[in-house]
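Please read these numbers as outputs of a predicted model, since none were measured by experiment.
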Amino acid sequence: MQRNATRPNIEVTTGGKGVAAHAGARLLCELADELGLRQALSDAMAPTKKRRRGHDRGQVLVDLAVAIADGATAISDLQVLADQPALFGDVASVPTTWRTLEAIDAAAQERIAVARHRREPRPGRRVLTPVSM
């Protein structure tokens, strides 16, 4: 399985050694990568980035969504992910996250809407489509 270069590999085991809090949140990161959401958001946010270096804005949005799913109620709660680099890799700072959010104008919102509906899994993967009941 290919890995996102920004996050370390993880191994799920039993036995209680190397236990990490919020490990389930990491699976949301993996899901976003597998579905192609992170890359789609990165592409959508690329025109808003003025510098080549720094955090990928699509990754910042995924990390923020994961933090919210994990119970975050404020932007500063992103620190919970940042405090676990062995699990989440390099997570953007609060100021970087605010700059990312401030860069979302009407045009970026339209690109994000398209990105959310785009389903392009990584090569060799297939996307499951919801079935109506």
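Annotation: the span from Thr97 atom OG1 to His55 atom NE2 amounts to 8.0 Å, rounded to 0.5 Å. For the atom pair CZ of Arg57 and CG of Leu64, the computed distance is 13.5 Å after rounding to the nearest 0.5 Å. Here the CG atom belonging to Asp43 is positioned 12.0 Å from the CD1 atom belonging to Ile112, to the nearest 0.5 angstrom. Here the CG-CZ distance, from Asp63 to Arg38, works out to 10.0 Å after rounding to the nearest 0.5 Å. To the nearest 0.5 Å, the span separating CG on Leu78 from CG on Asp70 amounts to 10.5 Å. Once rounded to the nearest 0.5 Å, the distance linking CD of Gln59 with CE of Met45 reads 13.0 Å.
Residues Ile75 and Leu101 form a side-chain contact, since some pair of their non-hydrogen atoms from C-beta on lies under 4.5 Å apart.
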Discussion item. Between Thr96 and Ser93, is the side-chain hydrogen bond (donor to acceptor under 3.5 Å, both in side chains) condition met? List the steps.
Written reply: CA-CA 5 Å; Thr96 297; Ser93 66; 3.1 Å; yes
Item to complete: Show your reasoning for whether side-chain hydrogen bond (donor to acceptor under 3.5 Å, both in side chains) applies to Asp105 and Gln109.
Response: CA-CA 6 Å; Asp105 57 11; Gln109 286 179 5; over 6 Å; no
Worksheet item: Would Val62 and Leu28 count as a side-chain contact (heavy atoms from CB on, under 4.5 Å) if you check the C-alpha gap in whole Å, the side-chain angles of each, and the deciding distance to 0.1 Å?
Response: CA-CA 9 Å; Val62 168; Leu28 292 175; over 6 Å; no
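Hydrophobic clustering (ILVMFWY, side-chain heavy atoms < 4.5 Å, transitive): Leu41 and Val114 are in distinct clusters. Criterion: ILVMFWY side-chain heavy atoms under 4.5 Å apart, direct or through other members. Under it, Ile68 and Val60 are not part of a common hydrophobic cluster.
Between Ser76 and Val94, the shortest heavy-atom distance links the atoms CA-CG2, 3.7 Å. Minimum interatomic distance between Ala108 and Ala103 (heavy atoms only, all atoms of both residues): CB-O, 4.2 Å.
In terms of the salt bridge (Lys or Arg N to Asp or Glu O under 4.0 Å) criterion, Asp77 has no residue partners (sequence neighbours excluded). By the side chain to side chain donor-acceptor pair (under 3.5 Å) test, Arg111 pairs with no residue at all, sequence neighbours left out. For the side chain to side chain donor-acceptor pair (under 3.5 Å) test, residues two or more places apart in sequence or in another chain that qualify with Ser42 are Asp56.
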